[in-house]
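Worksheet: the structure to be examined is printed underneath.
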Number of protein chains: 2
Amino acid sequence: MPTDVGHEIADALGTLLKRSTREQIYRRLTEGLGEAVDEVTYPVLSGLARTGPRSAAGLADEIGLDRSGVTRRATRLEEAGLLRREPDPADRRATLLALTEAGRAAIETTRQRLAAHIEDSLASWPPGEAQTFARRLHRFVNHGPFTG
Amino acid sequence: MPTDVGHEIADALGTLLKRSTREQIYRRLTEGLGEAVDEVTYPVLSGLARTGPRSAAGLADEIGLDRSGVTRRATRLEEAGLLRREPDPADRRATLLALTEAGRAAIETTRQRLAAHIEDSLASWPPGEAQTFARRLHRFVNHGPFTG
DNA sequence: CATATTGCGTGCGTCGCGCACGCTAGACTT
DNA sequence: AAGTCTAGCGTGCGCGACGCACGCAATATG
């Protein structure tokens, strides 16, 4: 029960990033999406859903992976019918990665399900606290100690 | 910019668990500890610091890893002088994993440094908000949607 | 005393990753 | 216009981490 803010957050992060916790979260994140979607491929789908069709290099930058990794994941997702490669009309060497309808539907469904699960679990919190927490967490993750 | 609590938290978690973010956090978590300590071995040290000397099996359970993994990490840390194996006086097949003084010092130093970094980054938050956030985060991680 | 069980450590196969290379296509120089 | 340089993608290779299954030693059980 540290009264120290920094330590409390640090410990929470440690727990959150542990393999077991991480895999449990991802298992739920990818539940029912078929075996093509897992901890590794999820960020590809998620990234594409956020930004729309995109080159492999750009996507690699965003999810912090080597381009070769993106290529391989994309191939797996392509074979599963969740993603398609389309030639960039403006640049004939580039290939745009885009979600198929199935891909979009899959990730959207799971996002909904996960969000519902989280909200259920937070239903016992005092009213308003969950909203505040969500905003703070968002701020912490996107503009906090690890993102400059 | 979802007003939806569940989605906002889900997205934040997604970002947080991305490889790039994760590795950045761990890089800072293990900064200056020598190359024996990294994303993989850190939970071993952290777990031992929390619970004291412990059997490999028990530790494996806690950090959600196979026993073989714990064995290997322990060996690495042992060679680096951060951990020592001592026979369990009560059971001669068991080996207790315990931090050495160097191990304890190393992880303590880093915990301090990380906590300070986090607090620095949160210094611009309105007074009290950081404390509240830390408590909520702790609750979310340890008694939230993914820990029953 | 014989058998089953527990606890560790190790060999093996699998998987994900980064790096470096080759190939194609566009950009730039002269 | 031709030659060279750069950008973008995919693939082969080696590395490291992991889980599984086995063997060995020690304890529990009947």
Side-chain angles (χ1 to χ4, degrees), chain A residues 17-24 26-27 29-30 35-45 47-48 51 53-80 83-98, chain B residues 17-24 26-27 30 34-45 47-48 51 53-80 83-98:
Chain A
L17 296 187
K18 258 184 351 191
R19 273 198 105 70
S20 55
T21 315
R22 224 176 68 211
E23 289 183 352
Q24 199 176 357
Y26 268 114
R27 199 169 308 131
L29 267 166
T30 61
E35 50 179 51
V37 186
D38 58 9
E39 175 171 351
V40 183
T41 50
Y42 179 81
V44 173
L45 292 177
L48 285 180
T51 67
R54 197 165 183 182
S55 79
L59 194 55
D61 265 6
E62 181 177 340
I63 66 182
L65 209 67
D66 192 81
R67 289 175 296 279
S68 63
V70 174
T71 295
R72 284 186 268 259
R73 310 301 149 247
T75 304
R76 261 174 62 185
L77 291 170
E78 190 178 26
E79 286 166 356
L83 179 148
R84 93 180 155 266
R85 294 175 208 251
E86 45 190 40
D88 186 338
D91 186 341
R92 276 196 300 170
R93 15 177 213 175
T95 333
L96 293 179
L97 306 178
Chain B
L17 296 187
K18 258 183 350 190
R19 275 199 103 71
S20 55
T21 316
R22 224 175 66 211
E23 289 182 351
Q24 199 176 358
Y26 268 114
R27 199 169 306 131
T30 61
E35 51 179 50
V37 185
D38 58 10
E39 174 171 352
V40 183
T41 50
Y42 179 81
V44 172
L45 293 176
L48 286 180
T51 67
R54 197 166 184 183
S55 79
L59 193 55
D61 265 6
E62 182 178 339
I63 66 182
L65 208 68
D66 191 80
R67 288 176 298 279
S68 63
V70 174
T71 294
R72 285 185 267 259
R73 310 298 148 249
T75 304
R76 258 173 64 185
L77 291 170
E78 192 178 22
E79 286 166 355
L83 178 148
R84 91 178 158 267
R85 294 176 209 251
E86 45 190 40
D88 186 338
D91 186 342
R92 276 197 299 171
R93 10 173 218 181
T95 335
L96 293 179
L97 305 178

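Everything quoted here is computed from the prediction, not taken from an experiment. Order of the sequence lines fixes the chain letters, A, B, ..., with proteins taken first and strands second; residue numbering starts at 1 for each chain.
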Return the value, rounded to whole Å, for the distance between atom [atom1] of [X] and atom [atom2] of [N].
X     : N      : atom1 : atom2 : answer
B:D66 : C:dC12 : CG    : P     : 17 Å
A:D61 : C:dG18 : CG    : P     : 12 Å
B:E39 : C:dG16 : CD    : P     : 16 Å
B:L97 : C:dG9  : CG    : P     : 7 Å

Open item on the list: So, under a plain 3.5 Å distance rule, would you say the side chain of B:R85 forms a donor-acceptor pair with the base of C:dG7?
Closed with: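 Between C:dG7 and B:R85, which were checked side chain against base, a qualifying N/O pair under 3.5 Å is absent.
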Open item on the list: Whether the side chain of B:S68 and the base of C:dC8 hold a donor-acceptor pair under 3.5 Å is what I'd like checked.
Closed with: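 Answer no: no donor N or O sits under 3.5 Å from an acceptor.
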Open item on the list: Heavy atoms only, 4.0 Å cut-off, all strands: where does B:T75 land among base, sugar-phosphate and nothing?
Closed with: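 Nothing, no nucleic acid heavy atom in range.
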TODO: Check every strand shown and say whether A:R67 touches a base, only sugar-phosphate, or nothing at a heavy-atom separation below 4.0 Å.
DONE: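 Contact class for A:R67: none.
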Task: B:E62: which of B:T51, B:V44, B:L48 passes side-chain contact (heavy atoms from CB on, under 4.5 Å) - done: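 Output: one option passes, namely B:T51.
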Looking at [X], I want to see if its [atom1] is surrounded by more than 12 non-hydrogen atoms of other residues, nucleotides or ligands under 6.0 Å.
X     : atom1 : answer
A:R67 : CZ    : no
B:E35 : CD    : no
A:R76 : CZ    : yes

- [ ] Walk along DNA chain D from 5' to 3' and tell me the first and last nucleotide with an atom closer than 4.0 Å to a non-hydrogen atom of chain B.
- [x]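 Reading along DNA chain D, I get D:dA17 to D:dT27.
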- [ ] Nearest-nucleotide wise, let me know which of B:A57 and A:R76 is further upstream toward the 5' end of DNA chain C.
- [x]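 Per heavy-atom nearest nucleotide, the more 5' residue is B:A57.
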Task: Earlier contact from the 5' end, DNA chain D, for B:V40 and A:L96 - done: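 Taking each residue's closest nucleotide, the earlier one in sequence belongs to A:L96.
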TODO: Between B:G64 and A:G58, just flag the one whose closest nucleotide in DNA chain D comes earlier from the 5' side.
DONE: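 Looking at the nearest nucleotide for each, A:G58 comes out on the 5' side.
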Open item on the list: Quick check: closest heavy atoms across A:G64 and B:S20, and the distance to 0.1 Å?
Closed with: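 Closest approach of A:G64 to B:S20: CA-CB, 3.6 Å.
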- [ ] Find out whether B:L97 and B:R85 are in side-chain contact, i.e. whether some heavy atom of one side chain is under 4.5 Å from a heavy atom of the other.
- [x]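 Yes, their side chains come closer than 4.5 Å.
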Task: Any side-chain heavy-atom pair of A:D88 and A:T95 under 4.5 Å - done: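 A side-chain contact under 4.5 Å is absent here.
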TODO: Give, for atom CG of A:L29 and atom CG of A:L45, the distance between the pair rounded to the nearest 0.5 Å.
DONE: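 Reported value, rounded in 0.5 Å steps: 11.0 Å.
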TODO: Please lay out, stage by stage, how A:R19 and B:I63 fare under the test side chain to side chain contact (heavy atoms under 4.5 Å, CB included).
DONE: CA-CA 7 Å; A:R19 273 198 105 70; B:I63 66 182; over 6 Å; no
Nucleotide N/O to protein N/O under 3.5 Å, stretch nucleotides 3-6 of chain C:
from  : atom 1 : to    : atom 2 : distance (Å)
C:dT6 : O2     : B:R93 : NH1    : 2.3

